[in-house]
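Each ligand, and each atom within it, is numbered from 1 in the order the structure gives. Just so you know, these numbers come straight off a predicted model, no measurement behind them.
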Amino acid sequence: MAKELFAIFGNPVSHSKSPLMHNLSFQSLDYDACYTRYLLEEGEKLKETFFKLGLKGINITVPHKEHAYNACDVLDPFAKKVGAVNTIVEKEGKLYGYNTDAPGFLKAISEFKGSKTILFLGAGGTAQSTSSILRDAGYEVTILNRSEGRLERYIKEGFQTYTFEDFIPQSYDLVINMTSAGLEDDSLPAPEEILEHVIPQAKACVDVIYGKETPFLRLAKSYDKQTKDGSDMLLYQGIIAFEYFTDHRFTFDEIKYHMQKTFTL
Ligand code: NDP
């Protein structure tokens with residue numbers, strides 16, 4: 001069998017840890033494959049580019065998850081429900097689409113045992129898929145977003161939603177930054193008055209951003225709260241994608257054993 005080729009498509013894509021995570025795991029598990037990064041500027045060309053490069057599978061990052069969804073011939077039921085695909089595998093000329101961000105996130109927060117109520121700061125693509133899987137898993141998710149536009153979909157799906165202007169603070173077990181605030185700037189995901197109300201009552205604060213301490217997690221630590229960044233989410237979404245890439249030849253724990261080493265390199 002010829003060496004299988006995989007890639008991550010995004011714009012920007014140079015910062016991505018995925019090539020390291022997957023290549024180290026392929027090598028350690030003796031699987032004949034190679035994973036690279038590809039700067040995709042036009043999302044509409046995703047399918048054409050996939051076949052031109054002769055790929056077996058891809059991960060898709062910002063801003064192409066909706067294009068990825070549209071490019072698939074067959075959608076996993078969960079990816080179909082949430083409208084976002086971050087993993088594609090080619091089988092007999094057809095593209096199969098999956099969402100591994102959401103199950104990865106669900107697993108990442110499983111350490112906060114006994115938590116039930118969650119406040120999401122942000123309502124973008126990542127919040128969309130994760131809110132759905134968390135609700136299915138029995139959590140009560142409230143969505144707080146800077147502006148109204150993105151809340152429409154959540155209102156239709158029956159979530160409690162607020163903007164900063166109409167927020168009625170309650171107590172939440174987990175407060176989670178689902179925005180990109182703090183990724184490339186020093187901003188908080190919500191006004192400080194709101195955060196100063198919800199953080200002290202929370203059991204823990206979580207950020208989907210990884211690789212740096214965000215102003216949000218810094219604020220949470222100033223209240224002596226337990227915190228967690230987005231590294232485990234990244235690791236777990238990667239492991240689940242690897243399971244699809246290799247057609248479930250390896251167990252989750254086998255892959256984890258190797259892939260997690262890239263976080264200490
Ligand atoms: P989107 O662009 O789809 O959504 C962005 C959301 O953030 C919107 O709700 C937007 O509000 C809000 N927002 C952006 N900037 C600010 C700000 N300064 N203050 C308040 N709200 C703000 O992004 P994604 O959902 O795709 O990604 C969100 C984050 O998740 C990113 O940081 C990304 O890196 C991270 N991520 C991490 C992963 C991991 O493995 N750890 C996996 C996937 C994503 P509005 O509607 O008002 O514009």
Side-chain angles (χ1 to χ4, degrees), residues 8-22 43 59-69 79 82-87 98-109 119-134 141-155 159 161-167 175-195 198 206-217 219 227-242 259-260 262-263:
I8 177 153
F9 281 8
N11 185 10
V13 78
S14 58
H15 66 287
S16 175
K17 230 177 146 58
S18 295
L20 188 61
M21 288 160 56
H22 288 275
N59 286 124
I60 304 94
T61 186
V62 179
H64 300 313
K65 290 182 192 178
E66 276 183 40
H67 284 120
Y69 175 90
V82 297
V85 162
N86 77 317
T87 301
Y98 308 91
N99 182 303
T100 72
D101 284 331
F105 184 75
L106 179 65
K107 189 157 178 63
I109 64 157
L119 179 65
F120 265 23
L121 309 169
T126 310
Q128 206 172 292
S129 58
T130 48
S131 58
S132 175
I133 207 165
L134 290 180
V141 185
T142 300
I143 319 282
L144 172 63
N145 198 45
R146 176 173 66 178
S147 55
E148 232 167 342
R150 290 188 211 246
L151 291 176
E152 252 174 61
R153 180 182 180 128
Y154 296 87
I155 294 168
F159 286 96
T161 68
Y162 297 103
T163 62
F164 298 160
E165 282 72 38
D166 62 14
F167 183 55
V175 179
I176 303 180
N177 178 24
M178 282 283 166
T179 77
S180 43
L183 181 63
E184 277 165 356
D185 54 30
D186 236 4
S187 62
L188 285 164
E192 207 156 339
E193 314 82 83
I194 291 183
L195 297 177
V198 292
V206 179
D207 209 311
V208 287
I209 295 172
Y210 60 88
K212 68 175 282 198
E213 186 179 67
T214 58
F216 171 65
L217 288 191
L219 183 65
T227 60
K228 182 177 182 69
D229 77 357
S231 305
D232 278 351
M233 177 186 185
L234 177 70
L235 172 65
Y236 295 144
Q237 65 75 29
I239 296 171
I240 301 165
F242 194 95
M259 199 176 271
Q260 68 186 0
T262 54
F263 288 77

S.K.: For Thr161, what residues pass the side-chain contact (heavy atoms from CB on, under 4.5 Å) criterion, not counting sequence neighbours?
M.R.: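 Expected list: Ile143, Leu151, Tyr154, Ile155, Phe159.
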S.K.: Every pair of nitrogen or oxygen atoms between ligand 1 and the protein that is under 3.5 angstrom apart - can you list them with their distances to 0.1 Å?
M.R.:
unit_1	atom_1	unit_2	atom_2	d
ligand 1	3 (O)	Gly125	N	2.9
ligand 1	9 (O)	Ala123	N	2.9
ligand 1	9 (O)	Gly124	N	3.4
ligand 1	9 (O)	Asn145	OD1	2.8
ligand 1	11 (O)	Asn145	OD1	3.3
ligand 1	25 (O)	Gly125	N	3.2
ligand 1	25 (O)	Thr126	N	2.8
ligand 1	25 (O)	Thr126	OG1	2.9
ligand 1	26 (O)	Thr126	OG1	3.4
ligand 1	27 (O)	Thr126	OG1	3.3
ligand 1	40 (O)	Leu234	N	3.4
ligand 1	41 (N)	Val208	O	2.9
ligand 1	41 (N)	Gly230	O	3.0
ligand 1	46 (O)	Asn145	ND2	2.9
ligand 1	46 (O)	Ser147	OG	3.3
ligand 1	46 (O)	Arg150	NE	2.6
ligand 1	47 (O)	Arg146	NE	3.0
ligand 1	47 (O)	Ser147	N	3.3
ligand 1	47 (O)	Ser147	OG	2.5
ligand 1	48 (O)	Arg146	NH2	2.9

S.K.: Quick one: do the Asn86 and Thr100 side chains pair a donor with an acceptor below 3.5 Å?
M.R.: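 Yes, because at least one side-chain N or O of Asn86 sits under 3.5 Å from a partner of the opposite role on Thr100.
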S.K.: Decide whether Ser18 and Asn59 meet the rule of one side-chain donor and one side-chain acceptor closer than 3.5 Å.
M.R.: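 Distance-only check fails for Ser18 and Asn59.
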S.K.: Among residues at least two apart in sequence or on other chains, which ones pass salt bridge (Lys or Arg N to Asp or Glu O under 4.0 Å) with Lys228?
M.R.: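 Testing Lys228 for salt bridge (Lys or Arg N to Asp or Glu O under 4.0 Å), a comparison that skips the adjacent residues, returns Glu111, Asp232.
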S.K.: Show the nearest heavy-atom pair for residues Ser129 and Ala102, with the distance to one decimal.
M.R.: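 For Ser129 versus Ala102, the nearest heavy atoms are O-CB, 3.5 Å.
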S.K.: For Thr179, check side chain to side chain donor-acceptor pair (under 3.5 Å) against everything at least two apart and list the hits.
M.R.: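 Residues passing side chain to side chain donor-acceptor pair (under 3.5 Å) with Thr179: Asn177.
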